[in-house]
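Below is one structure, written out as structure tokens, with a few remarks after it.
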Amino acid sequence: YGGRASHSHAADADADAGSGADDFLRRRALAERQHEQLAEAERVAGEQARARQRAREEAALSRVRQESAARRAAEEEAARRKAEAEEATRRQNEAARRRAREAAEKR
């Protein structure tokens with residue numbers, strides 16, 4: 001019995017040492033997985049932050065372009081109205097000169 005009992009204790013000690021090593025390896029593997037998951041989460045968060053920044057910049061650029069286009073359209077409309085008014089004034093002046101000439105010829 002004695003030899004068998006001591007052998008049993010030695011086997012238990014070996015098993016305990018083995019399970020301790022297994023626990024260490026399991027904990028290390030878990031820590032590595034958690035580290036990789038954290039690194040991946042940080043990478044994704046960084047990409048999302050960059051994408052949001054690009055979207056903000058594109059939206060700002062779009063607003064500037066729209067404001068510029070609206071200003072240009074307003075300037076073109078004002079120029080068109082001015083040209084129409086000048087043309088109307090020119091026609092009125094020509095008509096007035098023609099009437100004055102016709103009236104002078106009748107006299």
Side-chain angles (χ1 to χ4, degrees):
Y1 277 124
R4 205 162 153 204
S6 68
H7 178 264
S8 171
H9 288 308
D12 289 347
D14 286 348
D16 287 346
S19 73
D22 288 347
D23 285 347
F24 172 76
L25 291 174
R26 263 196 303 279
R27 283 194 303 271
R28 194 168 103 189
L30 177 63
E32 287 176 2
R33 272 196 309 278
Q34 289 172 337
H35 177 74
E36 290 167 1
Q37 289 169 346
L38 178 61
E40 175 66 9
E42 289 172 344
R43 184 189 66 74
V44 168
E47 285 181 1
Q48 290 172 340
R50 285 187 293 277
R52 284 191 302 272
Q53 180 62 29
R54 272 194 308 275
R56 280 193 297 273
E57 290 169 357
E58 290 170 5
L61 191 56
S62 177
R63 279 193 303 278
V64 168
R65 286 186 183 127
Q66 288 172 349
E67 291 166 0
S68 178
R71 217 175 9 260
R72 196 166 42 253
E75 290 167 357
E76 290 170 357
E77 177 64 14
R80 185 185 62 76
R81 282 199 211 109
K82 181 180 176 194
E84 286 175 355
E86 289 171 349
E87 177 62 20
T89 300
R90 187 184 62 72
R91 281 194 304 268
Q92 289 171 349
N93 289 342
E94 285 178 359
R97 280 194 292 277
R98 189 178 63 247
R99 284 192 303 272
R101 222 179 12 258
E102 290 170 355
E105 288 170 3
K106 286 181 183 171
R107 279 184 258 149

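Rounding to the nearest 0.5 Å places CD of Q37 at 8.5 Å from CG of L30. A distance of 10.5 Å separates CZ of R52 from CZ of R50, quoted to the nearest 0.5 Å. Summarising the geometry, atom CZ belonging to R28 is positioned 13.5 Å from atom NE2 belonging to H35; distances are rounded to the nearest 0.5 Å. Here the CZ-CG distance, from R27 to D22, works out to 10.5 Å after rounding to the nearest 0.5 Å.
Taking 4.0 Å as the cut-off between side-chain N and carboxylate O, R80 and E84 count as a salt-bridged pair. One finds no salt bridge joining E86 and R90 here, because no Lys/Arg side-chain nitrogen approaches an Asp/Glu carboxylate oxygen to under 4.0 Å.
Under the rule for a side chain to side chain donor-acceptor pair (under 3.5 Å), the partners of E40 that lie at least two apart in sequence or sit in another chain are R43. With sequence neighbours excluded, the residues satisfying side chain to side chain donor-acceptor pair (under 3.5 Å) with R91 are E87. Here E105 pairs with nothing under the side chain to side chain donor-acceptor pair (under 3.5 Å) rule; sequence neighbours left out. Residues passing the side chain to side chain donor-acceptor pair (under 3.5 Å) test with R54, sequence neighbours excluded: none.
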(message) Checking R81 against E77 for the salt bridge (charged side-chain N to carboxylate O under 4.0 Å, His left out) test, could you report, in this order, the C-alpha distance in whole Å, the side-chain angles of both residues, the deciding distance, and whether it holds?
(response) CA-CA 6 Å; R81 282 199 211 109; E77 177 64 14; 3.4 Å; yes

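Hydrophobic clustering, defined by side-chain heavy atoms of Ile, Leu, Val, Met, Phe, Trp and Tyr closer than 4.5 Å, groups F24 together with L25.
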Can I get a per-line list of side-chain donor-acceptor pairs under 3.5 Å for residues 59-74, giving both atom names and the distance, sequence neighbours left out?
unit_1: S68; atom_1: OG; unit_2: R72; atom_2: NH1; d: 3.4

